[in-house]
Every structure is written in structure tokens, then in C-alpha cells.
**Student:** 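So that we are looking at the same thing, I have put the structure below in C-alpha cells.
Computed from a predicted model, the values in this text were never measured in an experiment.
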Amino acid sequence: MSWDFIVPVCLDDLVKSGAVNQYVVQDVLSAKQLPSHINSFKAALRSQGPLCILEHFDTAYSVLKHCRTVDVAVKEDTLELLIQVVRGLSVSLPTLLLSGSLSAVDRKQQLNTVKMSVFLLCKLTETLESDSYRETIVTAPSKGRKKDKVAGKGLLQWDSEREKVLQCLTQLLQLDIRTLWSLSLVEEEFVSCVTCCCYKLLENPTISHVKSKSTRDAIIHVLGIMVKKYNHMLGACVKVIQLLQHFEQLASVCAQAVAAWSSEYGVKAIVGEIMREIGQKSSEELAREGSGVKAFSSFLSELGTLVPETMIPNISVLLTHLEGESPSLRVAVCEVLGEVLVRVLSGDKLGDSARASRDRFLDTLQEHIHDAHSHVRARVIQVYARIVNSKALPLCRYTEVMELTVGRLGDKSVHMCKSAIQLLAAFIAHNPYSCKLSSVDLKKPLEKEMAKLKEMKRDAQKEQMPVAVITAADLWDAMKPEVEMTVKAQLEPGSEEEEDEKEEQTEGKEERSDRDTALQIAQLLRESKYRKAVGLCMRAHSLFPESSFFSDLADLNAETLINTLATLFKGPEQEIPEAMSSNAPPTPQKEGGGNEGGESELKKQEMLVQYLKDTESFALQVERAIAVINNMLYWKTTTVVQEAVQFCVTAFEFSVADSVCGVRKMLPLVWSTDVTIKDAVIQAYRRLYLNPPGDNTRAKAQTLVDNLSDLMIDASLGTVQCLEEIVQEFFSSESALQTSVVQVLWERVSGKRETKALHRRAAVLLLGMAARAEREVVLSNLDTRCSVALGEKVAEDYLLARDTLITIANITDHVRQSKGVPFRLPVDHHLFSCLSQAIADGVVQSDPHWQTFMEQAVRLIYFLAESPDQLCSRLLQRSAHLLLEQITEGGEPNQSQLQEGGSQGSEEQASCVSLAQVLSLCGAVAFWQVSHLERSVSSELRRRRGEKEEKEEKEKAPANKKEANDSCVEEELGLVGASAEDTEVEFIRKICETELLAEGNMLSAFLPLLVKVCSSPGKYSHPQLTTAACLALSQYMMISPAVCKDNIRLLFTVLEKSTLPVVRANTIVALGDLTVRFPNILEPWTPNLYARLSDENASVRLTAIMVLTQLVLKDVMKVKGQVSEVAVLLLDPEPHIASLALNFFNELSAKDNAIYNLLPDIISRLSDPERGMKEEDFNTIMKQLFSYITKERQTESLVEKLCQRFRTAKTERQWADLAVSLSLLSVCERGFKKLQECWDCYSDKLTEPGVYQPLLSIAAKLRRRAKSQFKAQVEDYEKRLTAVHTKGLENVESEEREQQMGDTQSQNMQTPQPHKSVRKTTRGRGKPKLNDSDLVTPRKPCSRPKHAITFTSDEEEEEDAVMAESETPKVTTPIARTRRTRLRH
């Protein structure tokens, strides 16, 4: 073969004559000729194998040239042939390459075959991929099944064919075909041909989908081979960067590819090259790339999760982007750091360099918790959450990061707050300190261990006092004179007797060794037995002549003997064993050993104290976070609320102090309209209380009841109602625990198990909650309940009896809201006899809990009894008889008896309490009698009417078609039921007005007594009696308008004159109910209700703001200028009252223009000199109220209104208040024009600093954000303000007139003009002046003089303490009554 195939850059290059021996396409076939030549190609492939491509290259080339015009079948056949050729090469080449006997001609032939087949296959694949993508765009299906039909027009099953192409390329390229090239240098064009095909396939938009995973992996595999074997690393780096710049969706695919090349193919350098390419991009380049920045960020984040350890050596090149302007890149770098910290730089076995890198990365992350971009801050917090969950955060950084996270709870970004809550929950769940994080519980152990540490330090300091240490040399120097004298004495001739004595003493010890003898001599010297030591030393030489210890004694004289003794004393001392030296004084070395043990104990104690300190600090941070997160439970953002709920659950599980507050605070969210929030709260309570641990069902039920009982104790009424919803949800769902739970509850209620009183009451209430889901839970054991809680011992625990009645009420139709025939019990039922007996007996007792029991009992009677009015009438009669008997026995009550004291005084006191209880019973019966008529009786009448109408409709059809049509029209208009319902309502109203208080009715007998007690506070001064009488009177007034009109003046007198705060608070609540029921009667008395907002007692103010909020927001009461009293409560010393006032205005702002309409009157009332409000308080209130003014038109109108009020303001303080109010508005250009137009209204007040400064601040705000033309106007206005303030209005106006006259004269001198009348055009004076009388705010109507009302304590006839007729306000604006006049509960 004389020619070489050169892989062309462009397809057309093959038809051009190239270099010498270069292959050139000779004949480009037409589309019609292709089928026959393809058949020849097939035959040649069968006969010749892969080498047939050398002869039939032009055929396949012609298909490429005519690819857009030829049939799909031709392209399919060509693709299949090329795939077979490449596969044939993959099969035949291995044996040829391994044989090593290829000639140059055969090698060239095989090389040309490889290059031709690969070139054709890659180019055809690219073309078919482009055609497929083009068809999917042009003929994109809109819906459903059209997709299959449209796809059939192109190449059939291209996805599977694409995988075949990649597989056969992989098989071929995996072979060592580089030996076919000279010097194994594969040309760049061949590599580019294969890789460009792969990159073309990667550009498919669906390549990142799950269904394309096999294709994606195959492409990555082919490119991995090219990178590893064919020197494509640099090209791959450049191409990856280009793909990321142009195809954002390929970020994940590119990251997977680079990770595979790095780990599976061992080309780790490619990660560093790509990181350097991204790291070297400047901010300007990144700003131009747009979507490429997001792709880079996603790529780095994904790569960090795949190969974090490979990225560490080059991570420094990315850190420069942390100072860049791209937030997405900052996020990506932080996420890479997080992955490195979690998966590489974690654990206790890190080296010094790794630990330094870890600390540096953590410092970097910590800095970006305060990043300028909220998204970066949130993602950094999420990275920290991953680090904490993986337990990769060093213990020393817990407190610092925790503190920063708690600070981020106040972030403006909702996403940031959510992430911060998640991180705090992770801190608690994975904390290394304790399973219980309560700073209160940790305080005592910490103080105890700190005290112990101080004591140990004190002892250690005492032991470390400096002690004089005497060495052996010092001892020898001290004893040497005596030893010398002894030696001399021993060496004298007369010492033989002593030597004989020594021999006798040492007899039996001759068998000692020389070492033992030396040690004995040293010990004798220490004990100051010098003669024995010298004698033994002299004899030792004869015993051990060859011993090194005594070798110097060969020449025995005083000097050698002393030297030997010195050596034995000072030298061998260190070798003395412990047994021999036990009697010696302790040496410094031995003291050091004891100190080491003490120091280790001291270090352990210091570590323990530090651990407790860290634990307490961590617990305090958690408690601080709880206080913030508890307030986030009521945010409007659902996701934040969900995270807050989850955090509260986690904190509660770890026994964090005050965590139960969050758990209880989230409870009202079960009423949330947002289903996700409601479900989150229910699931939280299920997790905490309704899924208890235990070995068996009984144990689980016991734990569940204990948990719920603990939650019920000390719970408010609202908490109980919310918990009722969750418990009802539990009993509504099928659970194996339900039966066991009910059994445990009944055991506690009946007293079978010894239970505390609070837990017993909780069990009763829990049974009532279960009864709402299943009535039989209570109904089946009703007699048991009556005997246990309402029997003879009812007086011992009225609270248990009350809770029992609440539980029984849950089986009634009123609570269950069931339809159909009402469920009621006969009057002679055992339950009602027990109730009547308990109420009547309690009337003459003084139990403080009888009142609540009685109210629930009367309520239950009207809910459950067949004829409750008869039953309650007998009950009233019986109670009255018992009261009269008590009074008869104790004497008639009067004031003189109350002052006598002693037993008579106590009897009188008991009579007053009994009378108060009877009056309370009367009021309760009156209230529930009206409720019974308007709810039970009325609903029963409607039910019976409905049944009757249905029955009549079934019995007879309409008489004729016309009647049928008329009836249909009436039904559509709602006329059929309306007239009947009006009749029923009128019937009920007539009963209330004429029959309930008619003569002979038991209720009417008590009304005069109620009026007398309320109007004679001097005579009836007992607090409980007064309270009960006022409340009962208000309940009587609910019966009919006539009773309300007759006693309304008396009730308002009590409201204003009573000295008891509880009476005033109760009266406000009662008047609120009366306002709902009889609005026309109560409307003239509205100012009297608002007056209670300034009551001296906080509880009265609290009640007043709550009642008025309900009346105003529900449109029962008109909003008037008296709302200024509510505004004053914004600064109330009681935080709860201030928050209610703020909530009032928040809700009122939701009504259109409500606050806007009220603001001028509120300002006038609050700035009234008679009120004497402080300037700071006024500014604070106005700042809050003006924050609700957001519309531009409202601002413009308020500017004009407030400017006009300058005319009627009398004092400098009023001027200043108006100016401050103007400065609080967000004045825009139109508002500024209004401010200029009203110049005359306030210009004469500008000399006052209180007016000038606020107006100047308005101009300053406008100037900061104004455009050039408007800015000039603002500056002129500002100069004018300053001029008038400094010089006065008269001087400024005279200067302006003189300047204007001068300008006119100069113009007349220059150009004579006909005389014209000069019109004054001073800014702000274009409009005619208004008369002051036209702008005067209407004066408040003169208040009518109030007659002084005195209370007397005379026993005889006295005047009623009620308002005089002249004090009664007249009806000014009647409020239309709605047709429905029933009580609202």
C-alpha cells in the first residue's frame, strides 16, 4: 500500500489533492447510487473482513456527504456496517499486535483501516446526533402519546445505537493500537476525531438524566482511555472548561467525568489543572460569562463531594474567589472546604500540618458566616451543619460557632434563619457533652468540682514548699572529724580488746559477701556507729583481700582507712536497694514520684472542671437560642415554623431548660390553616408524647398517660383545648394502644391505682378528650363517674367534679356538633340527681371552687337533660330555701352585725357568701336558659320543620307545573326557608321578652334582689357578693332589650364607681357581650368603655383592650377617635398589654384606610395640652402608627391634613407634634409639592426649633434620593426654611418683595413695555387664602355635667346609686340589627 490516510480536520479536505501518498476520495456517489454500493460493502465485509473499508471508504464517505438527503434506512445500514468493521478490528488486532511479526506494509494497512473506520464512525455518529437533536426541537411533542409517533420519523432507537458505537470504540481503543503508529506517537487529529465525537454526545440536553446513565458512563469511559493512553489530559481540561461555560446543565456530568478520570484511571493531575484554570479567572471574566459562573460553582461543589482528597493540594488557587464578587463561587469554595473537613481532615489522628490546614479552613468558613450575601451565609451554615452531623468539628470551636449561629437567628434572610435553626438542632443532637443540657442542673456539680479543684491546688502548693536537701557529701563532711578521731583510736595498740568484742559481735556473719559488708559499713556510718564501722572496715580487708571495695586497705593507715570509709559512704549510696534504704530519710527522687501522682490527679480535676464549664456554656447558648426560636414559631414563613417546631422537639428530648415552653407554645399551631404546620405540630407531639418506649403495650400506655398528665398539670385553658385536638386525633386513628390507654385512665379515675389529685384530674380530662372521638368511652361508664366524682364525697374535691362534668359534656350534641335526633337523658337520671344535690349542698358552703363546678353543672344540665328549665327551676327553689334556713338560723344580715365581730360576724360572712353563690346560680341559669332557647330549641324546630317538609314532599307532588315552577323559583331565591326561619326567630325572641321574666317564673323573683345589691354597694359591701351580683345582673340583661335598657345605666355606674378591679373587669366582659347582642342600646355608651383603657389597674386595662379589640375587629363597634386611648397603651408598663395594643393596630391596618382615617384625630387627642403626654412618648406612638401608611396617595393627603392643622394648633408643643408627625411620613415628590402648597399654614411657626428641625429632616431625606431637577427644588425649599428660621417670616417676605421690585424696574429700564398689572407669583400663594374659620377642627361637644353619686351604708331606704337621667347618653347613630339575635359563644 503506497498511500497513507490522514485524518482530516474538515470533511471536504478528503476530496482535495493533498500531500504525496495521501489518500483522496476518488468518487463521491450520488444518493441514488448508494443502496447498491452499500450492498457491495456488505458483501465485501463478509468476504474480506474489516480491511474492506480500504476499498469501500468512498461509499461511507458519500453517505456522510448526503446525510441530510438519504433515507433513514441507508444511514442505519451504514452505521451498522461501520460498527461491524470496528468490532472486527477489535477482534483481529490483538493477535496481530501480540505476534510482533507485522511488516511495514501490513502495519500501514492496519493503521489506515483503524483510522478510516474510526473517522467514519465518529463523523457519522456526530451527524446522527445532530439530526436527532434537531428533530426533538422542531417536532417537540406537546403532550402524551404523540411523542412516540414523532420520534419514529428519525433514526429508530438512536439511544441504543449510540451505546453500541461507544462500546465498540471502547473495545478498540483499549487495545495497544499505539504501536501501529511510528514511535507510538498517535497524531492529534485522530485523538480529536474520537474526543470531539464524545463531547458532541455530551452536549445532548438529556445526557444528565437518569435514563441516560449508561450512555453517560460509556462516554466518560472512552474519554478516560483517551486521557490516560492518548495524551488527551490538557485537551480534556480545556474542553471541560468550555463545556461548563456554554452548557450549565453539564456541571454534574463533568464533575463525575473528572472524578472518574482521577480515581479510576489514575490521572490525578487533571483535577489540579482544571482547578487552576477556574482559580485564575478574574472577576471581570466571570462577570462576562453569566451562566458559566453557576456551572463552575456546581462543578466544584460536585467534585468536592466525589474526590475531596485530590483537591487539597490545589485548593489554595480557589481561595482567591472567596474575596471575589460572585456569591455562587464563594458558596462552591465553602462547600469544597466543608467536604474536605468532613471526609479528609477529621479525626484525632491528624498530623501537625493536617491540623493546621483544618484550623485554617475552619477560620475561613467562620469568616463567611457574616458574608455580605445572604445565600452565602445560609450555605456556610449548612456546611457547618454537615460538619457537626459528621462529628468533624473540634470541641474547642463548639462554643464559638454556637454563639455565631445564635446571632444569625436575627438575620433578615428567612433562608438564613432556617439554616441557623437546623445547625442549632444539629449541635444539640450531636453534642459531645451530655444527654441532658440544663444549666440549672449543671450549676451545682460545677460549683462542687470547682471547690474541690481549689482545695487540691491549695494542697499542692503546700507540698511544693522548698525543703532543704542534704546530700551524702555534706553528711560526710559533717561526720568526718569524728570518724578521723575514731580511726586514730582504733589504730592504737590498746584497741585489740575492742577488736575481740567486734569479732564476737560479728561472729556468724563471716559468710557475707563483700558488697553486703560495704553496705553494712555505710549503714553503720549513717547511724553514727563509727567504731563498729571502722572495726568492720579494718577486718573486711582480711576477709576480702581481692575486693574492689577494700583494695586500698593493703597499706593500712589512717589515711587509706578514711578514704575507704568515705568511698563506701558517698559512692555506693545510689546502689542501695529500697529494702536497705527504707529507714533512710526520703530523697528528692522519691518525693518527685509522689508529686507526679498528685499532679496527674490535679490535671484530671482541671479537665473535669473545664468539661463542666464547656457544658454549662453550651447549655446557656442553647437556652438563649430557645428564647429566640420560640418567637419564630409564629412567623408567616412555613418552612421557618417547621424548623422551629423540629428544634423545640430536639431541645425537649435533650432536657434543655425551658424547652417545655417551646413545646407548649407550638401547641396552638394545631389550629393553623396551613396544613403543613398543623401536621408538623401533630407529628411533634406524637413523637414526644404519643409514641412512648416500653417493653409491652401496658408499659407503653402507662408512659403515655404519664406524659400527657404532666403536660396537663398547670396548663391553661387554651393549652388544654389545643391538646384536646391532638388527643382526639390520636383516638380517631386506629392504634393498638387505645384500649390500654383508656383502661389505665379509668384505673386512675376510679381510684384503683394510687394517684395524686392532679394526675387524677388530668386522667378525667383525657377521658373527655377521648370521648369526643368515641362517645362510648364515657357513656359506658357514666354511672361509675357519677358515683366516684359526684357522689357523697363531691364536696371534698369540687375541681375533680368540675373536670368530670367537662368530660361528660363531650358526649353531648353541642360539643360533638352531631345532627339528627338530639341525644338527651331523662330528668330522673342518676346524673341529674347527683348534680342537684351537689349544687344545693354547696350553696350554703364556702368552698372557693364551688363556683366553677356550679357553672359547668348548669351547662351540662341544659346540654343533656330533657327538660332543663324545670330541673333548674326546682334547683333554684331548693337553693333559696337552704339560704333562707341559714339566714334564719344565723339572724338577718345587716351592717351592724358585720361590725360586731366574733362568731356573729363569721356567721354573717357565711350568709353573704351563700347569698353570692345563689345569685351566681341565678345568673348561670338565666344565661344558659337563653342559650338553650336560641340554640337547642331553635335547632330542634328547624330539624322538625325540615323533616316535615321532606315528608310532605314525598307524600304529594306539586299540583301542577305552574306551582312546581313557582316553588322552584322560591327555593332558588331562598324564600321558602327564610319566612319559616323568621317565624321561629320571632317565636324565640317573644319567649325571651315576655315569658322568662314573667310573674310566676322562678328567674323573675331574683331580679329585684340583683338590682338592689348592685345599686347599694354601701349596704352590700362584701366583695364576693358584689362580684356575683354584677355578673348575674349582666347575664339577666342578655334576656331581653327591655331588661338591658332598664339596667344599662346601673351597670355603667358600677363600671366607673366600683373599687374592686375584679368587678370592673367582669363588667367590661359583660358589656362586650351585651354590645354584640344589643348594639343599638350600647352604642351611645362607647366612650365609657374606651375610658377603661386608662384604668389604674393593669388587669382592668388588659381586659378592656382584649374586649375592645374583638368588638372593633369584628365590626361590632365603630372605630372612632377614642382609639387614641388604645394608642397610649403601646407604651403601657405591662408588656402583655403593650403587645395586645400593637396587635390591635396590626390587625386594624389590614382594614382599608382604617388607620389613615383615624390618624388626624389621634394626633389631635394625644397632642392635647390637657393630656400632658411626654414628647418622647408621643414620638414613639406616632412612629408606630405612621409605619402603617404605605400608599402614596394616603401620604399626600395626610401631608395636607396635618399642614392645615397648624392653623388650629394653639401651643408650641402642638406645632412640634404636628411637625414630627410630618417627618415620620415617607414623603415622595407629590407629597413634597403638597408641603410647598401649604407653606402659609406653618411658615410663621418655623422660628420654633421643634417645627424647623423635623421639616428640615424631610428635605434632607428627599435630597438624598432625588433626581437632579427635583433636587434643585428641594434645596431651594431647604434654603427658604433656614432663612425663615433664622430671620423670621416678615423679614424674608420683605426681602423677596424688594428683590422682585428691583428685578421689575431693571427690566422696565432696559426695554420699555406697555404697562401690565403685575401678579404676585410667590410659591405656595397661587391659591386664594382660606378663612381661618373654614379650617377649624370641630370642637368636642361640651360634656354634660355629671351629678356626684354617693354611696351610703344606711340600712333604711336609700337612693339607687345609678346615673341620673341627664347622664344617660342619647342614641346618636343607630346600628342596624341583623336578623340573627342569638347568643354567640
Side-chain angles (χ1 to χ4, degrees), residues 1086-1087 1089-1096 1098 1100-1102 1104-1109 1112-1113 1117 1119-1151 1153-1191 1194-1195 1197-1199 1201-1206 1208-1227 1231 1242 1248-1251 1253-1255 1257-1258 1261 1337 1340:
T1086 301
L1089 278 176
Y1090 277 105
R1092 291 303 96 203
L1093 292 172
S1094 55
D1095 195 282
E1096 60 185 7
V1100 179
R1101 296 198 304 275
L1102 178 64
I1105 183 63
M1106 294 174 68
V1107 171
L1108 288 171
T1109 299
V1112 170
L1113 297 182
M1117 181 183 290
V1119 187
K1120 295 184 179 180
Q1122 293 95 342
V1123 178
S1124 60
E1125 301 298 332
V1126 183
V1128 174
L1129 293 184
L1130 288 169
L1131 302 176
D1132 196 274
E1134 292 291 330
H1136 187 40
I1137 298 176
S1139 65
L1140 287 175
L1142 180 61
N1143 180 67
F1144 172 84
F1145 286 107
N1146 288 337
E1147 296 295 332
L1148 190 62
S1149 64
K1151 297 179 178 291
N1153 300 331
I1155 294 182
Y1156 159 74
N1157 294 330
L1158 292 168
L1159 264 176
D1161 285 340
I1162 293 176
I1163 294 171
S1164 297
R1165 289 172 180 267
L1166 295 184
S1167 62
D1168 190 349
E1170 295 182 2
R1171 177 178 285 275
M1173 176 174 283
K1174 295 181 181 179
E1175 189 174 351
E1176 296 80 6
D1177 295 345
F1178 177 85
N1179 295 346
T1180 304
I1181 293 172
M1182 288 300 109
K1183 187 176 181 180
Q1184 179 61 41
L1185 295 182
F1186 275 102
S1187 66
Y1188 301 112
I1189 305 301
T1190 56
K1191 297 179 181 178
Q1194 291 180 349
T1195 302
S1197 179
L1198 277 174
V1199 168
K1201 288 183 178 180
L1202 293 176
C1203 287
Q1204 296 294 345
R1205 296 231 171 199
F1206 274 104
T1208 57
K1210 304 297 183 184
T1211 64
E1212 291 81 357
R1213 169 64 191 280
Q1214 289 177 307
W1215 301 343
D1217 289 344
L1218 289 171
V1220 168
S1221 301
L1222 280 171
S1223 68
L1224 293 173
L1225 285 168
S1226 299
V1227 180
Y1242 58 83
E1248 293 293 330
V1251 179
Q1253 291 295 342
L1255 294 177
S1257 67
I1258 295 174
K1261 292 177 187 176
T1337 303
K1340 294 172 60 178

**Student:** Determine whether Ser1226 and Phe1186 make a side-chain contact, defined as any pair of heavy atoms from C-beta on separated by less than 4.5 Å.
**Tutor:**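 A side-chain contact is absent here, since even the closest heavy-atom pair is not under 4.5 Å.
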
**Student:** Got a sec, which residues hit salt bridge (Lys or Arg N to Asp or Glu O under 4.0 Å) with Asp1132, two or more places apart in sequence or on another chain?
**Tutor:** Arg1101

**Student:** Can you name the side-chain contact (heavy atoms from CB on, under 4.5 Å) partners of Lys1151, sequence neighbours left out?
**Tutor:**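 With sequence neighbours excluded, Lys1151 shows a side-chain contact (heavy atoms from CB on, under 4.5 Å) to Leu1113, Asp1115, Leu1148, Ala1154, given in chain and number order.
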
**Student:** CD1 of Ile1105 to CG of Leu1108: how many Å apart, nearest 0.5 Å?
**Tutor:**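 The distance works out to 6.5 Å.
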
**Student:** State, to 0.1 Å, how close Gln1122 and Pro1087 come at their nearest heavy-atom pair, and which atoms those are.
**Tutor:**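 Nearest pair, atom of Gln1122 first, then Pro1087: NE2-CG, 3.6 Å.
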
**Student:** Do you know the tightest heavy-atom contact between Leu1222 and Val1199?
**Tutor:**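 Smallest heavy-atom distance, with atoms named: CD2-CA, 3.9 Å.
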
**Student:** Whether Arg1205 and Asp1161 form a salt bridge (side-chain N of Lys/Arg under 4.0 Å from carboxylate O of Asp/Glu) is what I want to check.
**Tutor:**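 Salt bridge: yes.
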
**Student:** Any non-hydrogen side-chain atom of Thr1109 less than 4.5 Å from a side-chain atom of Leu1140?
**Tutor:** no

**Student:** Take Leu1218 and Ser1167 through the test side chain to side chain contact (heavy atoms under 4.5 Å, CB included) and record every step on the way to the result.
**Tutor:** CA-CA 8 Å; Leu1218 289 171; Ser1167 62; 5.9 Å; no

**Student:** Once side-chain contact (heavy atoms from CB on, under 4.5 Å) is applied, do any residues pair with Ala1219, and if so which ones, sequence neighbours excluded?
**Tutor:** Phe1206, Val1251, Pro1254

**Student:** Any side-chain heavy atom of Ser1094 sitting closer than 4.5 Å to one from Glu1125?
**Tutor:** yes

**Student:** Where the side chain of Gln1253 meets the backbone of Pro1249, is there a donor-acceptor pair that is under 3.5 Å apart?
**Tutor:**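 No.
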
**Student:** Leu1158 vs Phe1145, test: side chain to side chain contact (heavy atoms under 4.5 Å, CB included). Steps then yes/no.
**Tutor:** CA-CA 11 Å; Leu1158 292 168; Phe1145 286 107; 6.0 Å; no

**Student:** Checking Glu1134 against Leu1129 for the side chain to side chain contact (heavy atoms under 4.5 Å, CB included) test, could you report, in this order, the C-alpha distance in whole Å, the side-chain angles of both residues, the deciding distance, and whether it holds?
**Tutor:** CA-CA 9 Å; Glu1134 292 291 330; Leu1129 293 184; over 6 Å; no

**Student:** Which value, rounded to the nearest 0.5 Å, describes the distance between Leu1142 atom CG and Ile1137 atom CD1?
**Tutor:** 14.0 Å

**Student:** Just verifying a value: how many Å separate Leu1224 CG and Leu1185 CG, rounded to the nearest 0.5 Å?
**Tutor:** 9.5 Å

**Student:** Can you list the residues that meet the side-chain hydrogen bond (donor to acceptor under 3.5 Å, both in side chains) rule with Gln1194, with sequence neighbours excluded?
**Tutor:** Asn1153

**Student:** Does the Trp1215 side chain pair with the main chain of Gly1250, one donor and one acceptor, at a distance under 3.5 Å?
**Tutor:** no

**Student:** Can you list the residues that meet the side-chain contact (heavy atoms from CB on, under 4.5 Å) rule with Lys1174, with sequence neighbours excluded?
**Tutor:** Glu1176, Asp1177

**Student:** Step by step, would you call Val1227 with Lys1261 a side chain to side chain contact (heavy atoms under 4.5 Å, CB included)?
**Tutor:** CA-CA 9 Å; Val1227 180; Lys1261 292 177 187 176; over 6 Å; no

**Student:** CG/Leu1102 to CZ/Arg1092 distance, rounded to the nearest 0.5 angstrom?
**Tutor:** 15.0 Å

**Student:** Can you tell me which residue pairs pass the side-chain hydrogen bond (donor to acceptor under 3.5 Å, both in side chains) test with a partner in residues 1138-1150, sequence neighbours excluded?
**Tutor:** Asn1146-Tyr1188

**Student:** Return the CG to CE distance between Leu1089 and Met1117, rounded to the nearest 0.5 Å.
**Tutor:** 5.0 Å

**Student:** Taking only residues two or more places apart in sequence, or in another chain, which ones meet Val1128 in a side-chain contact (heavy atoms from CB on, under 4.5 Å)?
**Tutor:** Leu1166, Arg1171, Met1173

**Student:** Tyr1156: which residues meet the side-chain hydrogen bond (donor to acceptor under 3.5 Å, both in side chains) condition with it, sequence neighbours left out?
**Tutor:** Ser1197

**Student:** Would a 4.5 Å heavy-atom cut-off, applied to side chains only, mark Ile1189 and Leu1225 as touching?
**Tutor:**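 In short, these two side chains touch, coming nearer than 4.5 Å.
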
**Student:** Rounded to the nearest 0.5 Å, how far apart are CG of Asp1168 and CG of Asp1217?
**Tutor:** 10.5 Å

